[in-house]
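What follows is one structure encoded as structure tokens, with my remarks underneath.
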Amino acid sequence: MMNSTDIQKKDSKYIANTYKRFPIALTAGEGAAARDPEGKEYIDFTSGIGVNCLGYADRGWADAVAAQAHKLQHVSNLYSTQPDTEVAEKLCRYTGFSKVFFGNSGAEANEGALKVARKYGIEKHGEQCNTVITLNNSFHGRTITTLSATGQDSFHQFFFPFTEGFKFVDAGDIEGLKDAVDETVCGIMIELIQGEGGVVPVDAEFVKEAACLCKEKDLVFAIDEVQTGIGRTGTFLCYEQFDVEPDVVSLAKGIGGGLPLGAVMMNEKTGDVLGFGQHGSTFGGNPVACAGASYVLDQVMKPEFLEAVRNKSEYMRKKLLEIPQIKSVTGLGLMLGAELEEGMAAGEIAGKCVEEGLLVLTAKTKLRFLPPLIISHEEIDRGIEILARVLKG
């Protein structure tokens with residue numbers, strides 16, 4: 001087996017330099033802890049940016065994936081398979097949505113949601129009805145179109161021309177939202193917690209107003225649950241806590257438990273918008289990924305599992321607020337952001353945490369935490385102890 005230095009040297013030589021990697025290499029893990037080739041353990045408060053919802057090497061998940069890989073690893077979407085139909089059925093029965101489209105990632109799911117909104121608008125209200133409203137400080141992906149939908153100027157560089165047909169309003173600005181809706185607008189897409197934007201929850205009244213506006217004007221109300229979905233915020237989907245009913249929901253990250261999978265869920269209003277040949281994905285609904293997803297859903301949809309997430313959220317929030325250098329904690333469930341005292345740089349703190357055996361994320365000026373949903377109280381305590389030591393200096 002290569003050591004950490006060998007892996008990092010090959011990484012630097014052969015892999016495109018698009019990630020600012022920390023100076024470690026991970027080769028194994030169990031639960032909420034990962035290990036490098038030398039055997040050093042790291043408590044993981046990131047879960048692969050919200051992907052490994054059941055932690056590392058969950059036995060049931062791994063067995064489900066392996067069993068499917070021994071039977072059918074891939075088949076064209078020209079044919080039906082059992083794993084993706086089972087996942088779609090579980091999603092629809094639990095949520096009340098009508099149809100599901102499978103892709104590979106959050107960006108791809110959001111692309112699908114945007115296509116649904118635009119086609120719906122054009123068919124119902126005319127060719128001019130093709131603009132989608134998103135929020136300032138949002139993040140929806142790294143393809144050209146999802147970058148265009150992202151409401152942060154820092155992402156609107158280098159890759160011109162960006163896709164047209166987007167308007168941006170501030171989260172919470174109800175009057176600004178109403179003013180932005182005209183005959184060209186076909187839909188509104190929002191994150192309920194702006195993850196990359198700093199783990200900032202969107203005001204519930206604003207969300208309700210957006211939903212009402214879409215219903216009144218016959219627009220598509222789309223919610224980006226790529227990061228907030230699959231139990232991350234303490235309910236299966238975050239919108240359950242906002243008392244709204246979206247027309248479209250995009251999913252990814254946690255749904256596959258570690259394998260690439262994205263989904264677009266559509267209700268009766270939008271379920272038949274996309275017709276033959278109007279959307280597709282070679283690997284969408286891959287049998288192996290869906291076998292893992294089916295196992296994930298069987299765990300995460302349990303009421304007691306979601307209750308445990310909420311309990312651990314309260315516990316972790318309390319522990320974080322006991323650290324003097326943390327001024328506030330934002331977010332829901334196990335999607336939390338910590339505001340640091342003035343003068344502390346989140347990126348620098350994250351690097352020091354890695355050195356001490358803790359993996360954390362950043363979101364603008366905050367530390368961001370997305371631990372596996374199965375993390376234990378003991379693992380939370382171990383991670384918090386390291387964080388407190390690093391912040392104390």
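Note that this is a predicted model, so its numbers are computed, not measured. The figures here come from the full heavy-atom set of this structure, side chains too, leaving out hydrogens, waters and symmetry mates.
- Side-chain atoms of Asn130 come within 3.5 Å of backbone atoms of Glu127 as a donor-acceptor pair (strictly under, hydrogens ignored).
- Judged by distance alone, the side chains of Thr5 and Gln8 never bring a donor and an acceptor atom under 3.5 Å apart.
- Looking at heavy atoms from C-beta onward, Leu192 lies out of side-chain contact with Val202 at the 4.5 angstrom threshold.
- The existence of a salt bridge linking Glu385 and Arg389 is excluded, since no basic side-chain nitrogen approaches an acidic carboxylate oxygen closer than 4.0 Å.
- By the 6.0 Å contact criterion, CD on Gln152 is enclosed, its count of non-hydrogen atoms from other residues, nucleotides or ligands being greater than 12.
- We find the CD-OG1 distance between Gln194 and Thr330 to be 11.0 Å, quoted to the nearest 0.5 Å.
- Here Phe159 pairs with nothing under the ring pair (Phe, Tyr, Trp, His ring centres under 6.0 Å) rule; sequence neighbours left out.
- Salt bridge Lys327/Glu339: present, at least one basic N to carboxylate O contact under 4.0 Å.
- Residue Gln157 places its CD atom among more than 12 non-hydrogen atoms of other residues, nucleotides or ligands, all under 6.0 Å distant.
- In terms of heavy atoms, Glu209 sits closest to Lys178 at OE2-CE, 3.3 Å.
- Of the charged side-chain nitrogens involved, at least one lies within less than 4.0 Å of a carboxylate oxygen, so that Glu196 and Arg368 count as a salt-bridged pair.
- Considering all non-hydrogen atoms of both residues, Ile255 and Ile230 come closest at N-CG1, 3.7 Å.
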Test Leu359 against Cys353 for side-chain contact (heavy atoms from CB on, under 4.5 Å), laying out the working first. CA-CA 6 Å; Leu359 308 181; Cys353 284; over 6 Å; no
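- Of the charged side-chain nitrogens involved, at least one lies within less than 4.0 Å of a carboxylate oxygen, so that Asp182 and Lys167 count as a salt-bridged pair.
- For the residue pair Tyr295/Asp63, the side-chain donor-acceptor check at 3.5 Å is not satisfied.
- Here the closest non-hydrogen pair linking Ala346 and Lys366 is CB-O, 3.6 Å.
- Neither side chain, Asp11 nor Tyr19, offers a donor N or O lying under 3.5 Å from an acceptor on the other.
- Across Ile133, Leu135, Ile190, Asp170, a single residue satisfies side chain to side chain contact (heavy atoms under 4.5 Å, CB included) together with Leu177, and that is Ile133.
- A donor-acceptor pair is defined here as one N or O able to donate and one able to accept, closer than 3.5 Å; no such pair exists between the side chain of Gln73 and the backbone of His70.
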Let me see the working for Ser4 and Glu38 under side-chain hydrogen bond (donor to acceptor under 3.5 Å, both in side chains), right down to the final yes or no. CA-CA 7 Å; Ser4 292; Glu38 291 71 39; 2.6 Å; yes
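- Between the Asn77 side chain and the Ser281 main chain, a donor and an acceptor come within less than 3.5 Å of each other.
- With 3.5 Å as the limit, one finds no donor-acceptor pair spanning the side chains of Gln82 and Thr85.
- Under a cut-off of 6.0 angstrom, the local environment of NZ in Lys40 is crowded, with over 12 non-hydrogen atoms contributed by other residues, nucleotides or ligands.
- The main-chain N or O of Val309 is never found under 3.5 Å from a side-chain atom of Ser313 such that the two would form a donor-acceptor pair.
- A salt bridge links Arg382 with Glu378; the closest basic N to acidic carboxylate O contact falls under 4.0 Å.
- No side-chain donor from either of Ser98 and Asn267 sits under 3.5 Å from a side-chain acceptor of the other.
- Taking the six-membered ring where tryptophan is involved, the planes of Phe283 and His74 are tilted, since the angle between them lies from 30° to 60°.
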Take Ser47 and Arg232, measure what side-chain hydrogen bond (donor to acceptor under 3.5 Å, both in side chains) needs, and give me the verdict at the end. CA-CA 11 Å; Ser47 62; Arg232 174 57 55 186; 3.3 Å; yes
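- Considering all non-hydrogen atoms of both residues, Cys214 and Val220 come closest at SG-O, 3.9 Å.
- Heavy atoms only, all atoms of each residue included: Pro260 and Ala289 are closest at O-CB, 3.6 Å.
- No close placement of the Phe160 and Phe158 rings is indicated, their centers lying 6.0 Å or farther apart.
- Side chains of Leu259 and Trp61 form a contact here, defined as non-hydrogen atoms less than 4.5 Å apart.
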Would you check, one step at a time, whether the test side-chain contact (heavy atoms from CB on, under 4.5 Å) holds for Phe162 with Thr145? CA-CA 7 Å; Phe162 285 94; Thr145 295; over 6 Å; no
Evaluate the criterion side-chain contact (heavy atoms from CB on, under 4.5 Å) for residue pair Asp36 and Ile24; output intermediate values, then yes/no. CA-CA 7 Å; Asp36 65 18; Ile24 62 169; 5.5 Å; no
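- Side chain of His140 to backbone of Asp224: no donor-acceptor contact under 3.5 angstrom is found.
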Report the C-alpha separation of Leu332 and Ile193 in whole Å, then their side-chain angles, then the decisive distance to 0.1 Å, and conclude whether the side-chain contact (heavy atoms from CB on, under 4.5 Å) test is met. CA-CA 8 Å; Leu332 293 170; Ile193 301 176; 3.8 Å; yes
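- Side chains of Val248 and Val264 form a contact here, defined as non-hydrogen atoms less than 4.5 Å apart.
- For Glu322, the side chain to side chain donor-acceptor pair (under 3.5 Å) partners are Lys318, not counting sequence neighbours.
- Checking Thr235 against Gln241 by side-chain atom types alone, a donor-acceptor pair falls below 3.5 Å.
- When the shell of 6.0 Å around CD of Glu30 is examined, it contains 12 or fewer heavy atoms from other residues, nucleotides or ligands.
- Side chains of Phe101 and Val116 form no contact here, defined as non-hydrogen atoms less than 4.5 Å apart.
- The side-chain heavy atoms of Leu91 and Phe97, taken from C-beta on, include no pair separated by under 4.5 Å.
- Taking 4.0 Å as the cut-off between side-chain N and carboxylate O, Lys99 and Glu268 do not count as a salt-bridged pair.
- Residues in residues 117-126 take part in these side-chain hydrogen bond (donor to acceptor under 3.5 Å, both in side chains) pairs, two or more places apart or across chains: Lys119-Glu123, Lys119-Gln278, Tyr120-Asp218, His125-Asp218.
- A donor-acceptor contact closer than 3.5 angstrom links the side chains of Thr146 and Thr143.
- Closest approach of Ile380 to Phe45, counting heavy atoms only: O-CZ, 3.8 Å.
- Applying the 6.0 Å contact sphere to NZ of Lys217 captures no more than 12 heavy atoms from other residues, nucleotides or ligands.
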